[in-house]
Amino acid sequence: MKHCFITPTEFMNDPEIGWKSDFMLVLSHLLDRDCTNKYAEEVIKFRESWKTIYLDNGLFENLEPESGKDLLRKAELIWAEYVFAPDYLYDNTKTALAFNTFADLRDELEVDVKLAFVVQADNPLDYLNSYKWAEENDRIDMIWISILSVPKSFESITQSDDITLNRIVCMKILEDFIKPKKDAHLLWLWSSLWDLVEWKKYNFIKSNDSSSAFQNWLFGRKYHKPDSEPYPEVDWGKIEEKVNFDSQREFIDDIKYKQIVENIDFITNLIKE
């Protein structure tokens with residue numbers, strides 16, 4: 001499995017931090033329209049390593065996706081290999097229609113970028129049907145598994161809103177009933193690394209991104225393995241504060257910097273085990 005470490009802009013090309021990412025998940029809302037701002041410069045510098053670029057569509061940050069034209073323009077300017085098609089939280093029908101419109105626009109404008117589809121639903125049956133639709137759609141190159149729609153869809157089965165538990169159950173059900181063949185990407189990590197370990201069992205899971213390694217240690221929390229649990233988890237629970245992309249190295253002392261690097265190495269080693 002490949003992993004991307006989401007970090008503030010200044011750390012994206014830090015050899016001890018950002019360069020340890022296997023690819024870069026670019027957040028579209030941080031790019032200016034012409035991709036000339038500091039964030040865009042760092043993305044393009046990272047791209048010169050020839051690692052893959054994924055472009056997000058801005059739904060999580062803006063509560064709605066960016067326009068199709070803006071997304072495709074940015075995808076071209078930063079040489080993205082994949083772009084998230086616009087999706088709508090928990091609404092599988094609207095998301096499927098938006099994908100078709102976006103795919104038509106990509107073809108019309110002749111933009112050379114692969115399309116990723118985010119599965120959206122609010123119940124198990126709709127989730128599985130949407131995933132199957134994506135598997136069978138020739139214009140979808142990668143499937144993205146949301147950290148929000150999965151708990152919403154499967155909590156009726158697990159009787160829990162725990163993100164990690166629901167994602168574990170989701171993976172198992174997909175394997176048993178859909179038998180996915182397309183590459184899938186998992187968005188984010190939560191407090192436990194249980195799902196990160198379990199995902200390695202499934203061949204269709206290819207990548208994951210998270211700010212966990214940077215954020216948790218920045219706030220003094222580290223991974224540990226409780227005696228009562230089989231997998232590591234974040235001490236005192238995951239930090240939910242969003243990344244401050246304007247954070248500067250000069251305001252992070254050497255102790256915190258070292259902790260961040262150690263945490264990144266922890267996840268890197270866990271994935272490779």
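Just so you know, residue 1 is the first one in the sequence shown, and it goes up from there.
Taking Asp104 as the reference, Arg139 meet the side chain to side chain donor-acceptor pair (under 3.5 Å) condition, with sequence neighbours excluded. Judged as a ring-ring contact (aromatic ring centres under 6.0 Å, His included), and not counting sequence neighbours, the contacts of His185 are Phe23, Tyr54, Trp144. Scored by the salt bridge (Lys or Arg N to Asp or Glu O under 4.0 Å) test, Arg106 finds no partners at all (sequence neighbours excluded).
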Show me the donor-acceptor pairs, under 3.5 Å and distance only, between side chains in residues 148-157 and residues at least two apart or in other chains.
residue: Ser149; atom: OG; partner: Val119; partner atom: O; Å: 3.0
residue: Ser153; atom: OG; partner: Ala121; partner atom: O; Å: 3.1
residue: Ser153; atom: OG; partner: Ser149; partner atom: O; Å: 2.8

Could you pull out every donor-acceptor pair under 3.5 Å between side chains of residues 249-256 and any protein atom, sequence neighbours left out?
residue: Arg249; atom: NH1; partner: Ile252; partner atom: O; Å: 2.5
residue: Arg249; atom: NH2; partner: Asp254; partner atom: OD1; Å: 3.0
residue: Asp253; atom: OD1; partner: Ile255; partner atom: N; Å: 3.1
residue: Asp253; atom: OD1; partner: Lys256; partner atom: N; Å: 2.7

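For the residue pair Asp22 and His3, no side-chain donor N or O sits within less than 3.5 Å of a side-chain acceptor on the partner. Between Asn166 and Thr158, the side chains place a donor N or O and an acceptor N or O closer than 3.5 Å (distance only, hydrogens not considered). When only modelled atom types and interatomic distance are considered, Asp87 and Asn57 share a side-chain donor-acceptor pair under 3.5 Å.
Taking CG of Asn92 as the start and OG of Ser130 as the end, the distance is 5.5 Å to the nearest 0.5 Å. Distance CZ/Arg221 to CG/Leu218: 11.5 Å, rounded to 0.5 Å. To the nearest 0.5 Å, the span separating CD on Gln259 from NZ on Lys222 amounts to 8.0 Å.
Under the 4.0 Å criterion applied to side-chain N and carboxylate O atoms, Lys238 and Glu233 are not assigned as salt-bridge partners. Salt bridge absent: Lys45 and Glu48 never bring a charged side-chain N and a carboxylate O closer than 4.0 Å. Taking the charged nitrogens against the carboxylate oxygens, Asp70 and Arg33 do have a contact shorter than 4.0 Å, which makes a salt bridge. Salt bridge Lys38/Glu42: present, at least one basic N to carboxylate O contact under 4.0 Å.
Between Ile260 and Tyr257 there is no side-chain heavy-atom pair separated by less than 4.5 Å. Residues Pro232 and Phe266 meet the side-chain proximity criterion, which asks for heavy atoms closer than 4.5 Å. Residues Val113 and Tyr82 are not in side-chain contact: their nearest non-hydrogen atoms beyond the backbone lie 4.5 Å or more apart. Put simply, the side chain of Trp217 does not reach to within 4.5 Å of the side chain of Ile264, judged on heavy atoms. The shortest distance between side-chain heavy atoms of Ile267 and Leu196 falls below 4.5 Å.
Of all the heavy atoms in Phe46 and Gly18, the pair that sits closest is CE1-O, 3.6 Å. In terms of heavy-atom proximity, Ala98 sits nearest to Tyr88 at CB-CE1, 3.7 Å.
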Lys201/Glu175 under salt bridge (charged side-chain N to carboxylate O under 4.0 Å, His left out): CA gap, chis, key distance, verdict: CA-CA 10 Å; Lys201 299 178 182 178; Glu175 179 76 8; over 6 Å; no

Start with the C-alpha gap between Leu186 and Met171, add the side-chain angles, then the distance that decides, and say whether side chain to side chain contact (heavy atoms under 4.5 Å, CB included) holds. CA-CA 11 Å; Leu186 301 154; Met171 296 301 102; 4.0 Å; yes

Would Arg47 and Ile78 satisfy side chain to side chain contact (heavy atoms under 4.5 Å, CB included), going step by step from the backbone distance to the final call? CA-CA 8 Å; Arg47 181 65 179 85; Ile78 65 169; over 6 Å; no

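The aromatic rings of Trp190 and Trp188 sit parallel, their planes meeting at an angle under 30°, below the 60° perpendicular limit.
Every pair passing salt bridge (Lys or Arg N to Asp or Glu O under 4.0 Å) that includes a residue from residues 117-132 is listed here, sequence neighbours excluded: Lys132-Glu136.
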